[in-house]
Amino acid sequence: MKKAYRLFHDGALALMRAEWAGMRVDVEYCKRKKRLLSKKVNFYQHKLEKSKLAQLWKKRFRGKVNWNSNQQLSHILYHIMKITPPKLTATGAGATDNEALEKISVPGVDLILQIRRLKKIRDTYLEAFLREQVGGWMHPHFDLHTVRSYRSSSSSPNFQNIPKRDKEAMRVCRGAIYPRLGHLILSADFSGIEVMVACCYTKDERLIYDAVHGDMHRDMAMELYMLDSLDKHHPGERNFRQGGKNGFVFPQFYGDYYMNCAQGLLEWAKVAYRKDGTPGLVHLQDKGLVKLDKKGEIKNCDKFIEHVRIVEDQFWNVRYKGYTEWKERTWKEYQKRGYVEMFTGFRCGGVMRRNEVLNIPIQGSAFHCLLWSFIEIDRISEEEGWDSRLFGEIHDEMLIDTHPEELEHIKKTVERVTTVELPKAFSWIIVPLKVEIEVHPIDGCWAKKESH
DNA sequence: GGAACTCGCCAC
DNA sequence: AAACGTGGCGAGTTCC
């Protein structure tokens, strides 16, 4: 308990200094991009209002039309147009999220998706940067007292959910954020830290082997899609591996089960293709796992679901048997004592679901690896009088506003602290840790990558 | 007019 | 038996 307190006490101080450092925002850029996005939104909005969908909408809601209202959209699609909802919300209404709308081929629905995407960038990110900045500087908050798993959170603005995967959104949003003049942004993130921490808790031999030497995403993709080879550098085959990773391995570690996973796996199969050009779904049909209709759409996937069930069973009861045993022990212990403990000294009590109990120690401790490193690097930077400053953190990643002349020293320091000092301080770490350091150009924004 | 809720969506 | 973990936030909606 005392070491947990110490970590958060020191952590709060180090994060405070990062908040203090803050980051530069290109105000004129944000305003320019906002205007550009508004133009695009208006363009799509005009097109939308001319559609048949919009006519029905106006007829039904008359003076009360609100194009942003998903309730109204849901009503038009699922009550007026009598479309069967492809998906329901938590409260049982017809869903209008991306996943649902993509399955509806009604002219205008595609425009709504475009409008939403652009507005998200404009209103959630650029608008927030402009609101939060003062004189071209913003200082996102980092909190340690809000999260059940003893991770951190961020707000005003949230620095931890700025777009990354959607390349256009990434460029627009991260393009607004800069280091101090003459400096560069350096980011360092732990690779697969949650899996590494899971190794430490479960001590599962196969998991340790896979995390250190193997490629479990590739292995699982090959089993799930019945492939005899998989080249992850081939653009089509890469998506099979992505399917194994994002459609099976990650969801499974979070506590999902085969029925949901099968759906995700099929989505990835749609965008995957083999080296000889065979589309993913056709490949699955050749293997007898799905039946396709004349249009190439899935008619029946019962065999595939059953196959995923068997792979899941093997995954937990054979491959990662030790992990399963840890899950049982930990869940039983929680039921008996009413709390779950972390290696880092934190104790989580209260009413929790099974998946929460099993995820919290892993998620929390993984963040504590980052936090310990963050504190140590902050301490060294003060002691050595660096001009460079830590200015943010995203769960398993830290960001440093770096003076170019200090770059090489900082790289070495980060590498040493995260992969050598940390495992010494946290003696429960029984697997090697890897850190990936990325450097952005001098005076370059967060979107620009340094060319090597 | 503000609190609390729903829905949707961004990150790890 | 159970059935995807952790957040913040914008916009709409409902309640008081």
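By convention in this document, chain letters (A, B, ...) are assigned in the order of the sequence lines, proteins followed by strands, and residues within each chain are numbered from 1. These numbers come from a predicted model, not from an experiment.
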Selection from C:dC9, C:dA3, C:dT13 that lies nearest to any side-chain heavy atom of A:N66: C:dT13

Rounded distance (Å) that lies between atom P of C:dA11 and atom CG of A:D123: 5 Å

Presence of A:T146 side-chain N/O under 4.0 Å of C:dG8 phosphate oxygens OP1/OP2: yes

C:dC9 OP1/OP2 closer than 4.0 Å to side-chain N/O of A:R131: no

Distance in angstrom units between A:K327 NZ and C:dG5 P, rounded: 12 Å

Nearest-Å distance for atom pair CD1/P, residues A:I362 and C:dC4: 16 Å

NZ/NE/NH1/NH2 to OD/OE distance under 4.0 Å, A:R319 and A:D204: no

Contact state string [nucleotides 4-12 of chain B, B base, S sugar-phosphate only, - no protein heavy atom under 4.0 Å]: --SSSBBSB

Position toward the 5' end of DNA chain C (nearest nucleotide), A:S155 or A:E312: A:E312

Derivation of the side-chain contact (heavy atoms from CB on, under 4.5 Å) call for A:I360 and A:M352: CA-CA 10 Å; A:I360 274 174; A:M352 288 184 274; 3.7 Å; yes

Sugar-phosphate only, base, or nothing, as touched by A:S152 at under 4.0 Å among non-hydrogen atoms: nothing

Ion pair A:R218/A:E223, N-O distance below 4.0 Å: no

Whole-Å gap separating P (C:dA3) and CG (A:N359): 12 Å

Pair A:R117 + A:E168, salt bridge at N-O below 4.0 Å: yes

